[in-house]
Enquirer: 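Starting off with a structure, shown below.
Please read these numbers as outputs of a predicted model, since none were measured by experiment.
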2 protein chains.
Amino acid sequence: MKRTGFAEADCPVARALDAIGDLWSLLIVRDAFDGLRRFGDFQKNLGIAKGMLSTRLHKLVELDVLELVPASDGSAYQEYALTKRGLDLFPVVVGLRQWGEAHLYARGEAHSNLVDQSGQPVGQLVLPSRTGRPLTWSETRVRKAGARKR
Amino acid sequence: MKRTGFAEADCPVARALDAIGDLWSLLIVRDAFDGLRRFGDFQKNLGIAKGMLSTRLHKLVELDVLELVPASDGSAYQEYALTKRGLDLFPVVVGLRQWGEAHLYARGEAHSNLVDQSGQPVGQLVLPSRTGRPLTWSETRVRKAGARKR
DNA sequence: CCAATCCGGTTCTAAAATAAGACTAGACAA
DNA sequence: TTGTCTAGTCTTATTTTAGAACCGGATTGG
């Protein structure tokens, strides 16, 4: 049956997953962060079927995560570039990366690493309170959509 | 055809998406963070088909994201509780939430909010360098699996 | 200039995943 | 002990996916 949709949900997590919560979308965005811009580059790097890639790219353009821009080499082709909305997915991709690094590799198994400009590994993502103090999951809660502040 | 697998990938993002990159897994984890623990509670809250939920819960248990524990009310039933590995998904869920909040709601449209213990909205996720300075996407890069440090 | 090849798709098919409902065994409540 | 609740499994129709074949316009080699 048709996949369940959450585009109208009150919960932002549900809407986000409805938009990009599939196997390929975030991998495409990850590749875009790595500098890939052309259809063929994505296709080669991901090993994705061209039909899937075509569908996903069009959906990401429609969502305004990617946009079509003239090719940077002056040819008549076009390239896919991250928009502001796409760039804002950076913490999501990093979050997945850090979780994968921590839990999905055997001891000593090699994996790619995220480093800063000096080549130093980056730190862990931090959720700060409004005053800047780091928060853990147990110090937060979700206030439902219609709830009065108190 | 059989869905493409990334369980062996060098990239932690790919492995993470292979494990939990579907519509339901992270919604179940989100609900678990909100305190839901029983099969029926997840089913009611998500409106998910029972077969899907059963498959997903078993997979999450197998991945050690959730674990089965005796029911907290003393009955003979069991409950699903987040493990350490599951709790570590907190930044991923928060990242999706913040992206959804920022980009998938019309101006003024109501949505649920993440607040700290005093009811204050939380800040944005921050990726710190090893020295604690906040990093943006353009200040990081991925070092491939086998690359020598320099 | 012409043919060969590259690029970025679309179309087709089969196998697999999904949604939704019917069904069931054991727990629990009256 | 009868009926309801819980937590599933099974079945079926439909959609999604992967992979391959095909195609037209752009680019390149001779």
Side-chain angles (χ1 to χ4, degrees), chain A residues 1-9 14 17-28 31-32 35-63 65-81, chain B residues 1-9 14 17-28 31-32 35-63 65-81:
Chain A
M1 305 271 278
K2 188 191 255 175
R3 203 187 171 110
T4 308
F6 288 103
E8 310 292 302
L17 288 169
D18 186 68
I20 53 160
D22 64 274
L23 187 57
W24 294 114
S25 295
L26 283 172
L27 286 176
I28 293 169
D31 276 4
L36 270 60
R37 297 169 67 93
R38 300 272 289 245
F39 185 97
D41 294 333
F42 289 116
Q43 209 248 312
K44 230 171 301 173
N45 195 57
L46 292 169
I48 184 178
K50 292 162 103 183
M52 269 284 94
L53 180 58
S54 183
T55 305
R56 285 292 180 280
L57 286 173
H58 282 284
K59 187 178 169 196
L60 288 171
V61 168
E62 189 181 354
L63 280 169
V65 167
L66 298 176
E67 63 183 339
L68 276 168
V69 299
S72 47
D73 62 2
S75 72
Y77 298 116
Q78 291 194 292
E79 299 183 344
Y80 294 90
Chain B
M1 304 271 281
K2 189 192 257 176
R3 204 187 175 111
T4 308
F6 288 104
E8 311 292 303
L17 287 170
D18 186 69
I20 52 160
D22 64 275
L23 187 57
W24 293 113
S25 295
L26 283 172
L27 285 176
I28 292 169
D31 276 4
L36 271 61
R37 298 169 67 94
R38 300 272 289 246
F39 186 96
D41 294 333
F42 289 114
Q43 208 248 315
K44 230 170 301 175
N45 194 57
L46 292 169
I48 185 179
K50 293 162 104 183
M52 270 285 93
L53 180 57
S54 183
T55 305
R56 284 294 179 280
L57 286 172
H58 281 282
K59 187 178 170 196
L60 289 172
V61 167
E62 190 180 354
L63 281 169
V65 167
L66 297 176
E67 63 183 339
L68 276 167
V69 299
S72 47
D73 61 2
S75 73
Y77 298 116
Q78 291 194 291
E79 298 183 347
Y80 295 89

Enquirer: What is the separation between atom CD1 on I28(B) and atom P on dG8(D), rounded to the nearest whole Å?
Expert: 12 Å
Enquirer: Can you tell me how far P of dA7(D) sits from NE2 of H58(B), to the nearest Å?
Expert: 12 Å
Enquirer: Could you check if a side-chain atom of L27(B) sits within less than 4.5 angstrom of a side-chain atom of F6(A), using non-hydrogen atoms only?
Expert: yes
Enquirer: Identify whether the distance between the nearest side-chain nitrogen and carboxylate oxygen of R38(A) and D73(A) falls below 4.0 Å.
Expert: yes
Enquirer: Is there a side-chain contact between L57(B) and L66(B), using heavy atoms and a 4.5 Å cut-off?
Expert: yes
Enquirer: Please tell me which of the listed nucleotides, dC6(C), dA18(D), dT10(C), lies nearest to the side chain of Y77(A)?
Expert: dC6(C)
Enquirer: Could you please name the option among dT17(D), dA27(C), dG8(C) that lies closest to any side-chain atom of R38(A)?
Expert: dG8(C)
Enquirer: Expressed as a whole number of angstroms, how long is the span from Q78(A):CD to dT27(D):P?
Expert: 12 Å
Enquirer: Is there a side-chain contact between Y80(A) and the phosphate of dC7(C), meaning an N or O under 4.0 Å from OP1 or OP2?
Expert: no
Enquirer: Between dA17(C), dT10(C), dA7(D), spot the one nearest the side chain of K2(B), thanks.
Expert: dA17(C)
Enquirer: Output yes when at least one side-chain N/O atom of W24(A) is less than 4.0 Å from OP1 or OP2 of dT17(D), else no.
Expert: no
Enquirer: Just so I know, are the side chains of M52(A) and T4(B) near enough to count as touching, which here means a heavy-atom distance under 4.5 Å?
Expert: no
Enquirer: On DNA chain D, nearest-nucleotide positions of G40(B) versus R3(A): which is more 5'?
Expert: G40(B)
Enquirer: Starting at atom CG of L57(B), determine the distance to atom P of dG8(D), rounded to an integer number of angstrom.
Expert: 7 Å
Enquirer: Of T4(A) and S54(A), whose nearest nucleotide on DNA chain C comes first from the 5' end?
Expert: S54(A)
Enquirer: Would you mind classifying the nucleic acid contact of T55(B) as base, sugar-phosphate or nothing, using non-hydrogen atoms under 4.0 angstrom?
Expert: nothing
Enquirer: Can you check whether G51(B)'s main-chain N or O pairs, donor with acceptor, with T55(B)'s side chain at less than 3.5 Å?
Expert: yes
Enquirer: Just call it for K50(B): base, sugar-phosphate, or nothing, with non-hydrogen atoms closer than 4.0 Å on any strand.
Expert: base
Enquirer: Quick check: closest heavy atoms across Q43(A) and I48(A), and the distance to 0.1 Å?
Expert: NE2-O, 3.1 Å
Enquirer: For DNA chain D, find the residues of residues 41-49 of chain A with a heavy-atom distance under 4.0 Å and give them by number; none if there aren't any.
Expert: A49(A)
Enquirer: Roughly how many Å is it from CG in L23(A) to C1' in dG19(D), rounded to a whole number?
Expert: 16 Å
Enquirer: Look at R56(A) and dT16(D) and indicate whether a side-chain polar atom (N or O) is within less than 4.0 Å of OP1 or OP2.
Expert: no
Enquirer: Please identify each residue that fulfils ring pair (Phe, Tyr, Trp, His ring centres under 6.0 Å) with F39(B), with sequence neighbours left out.
Expert: none
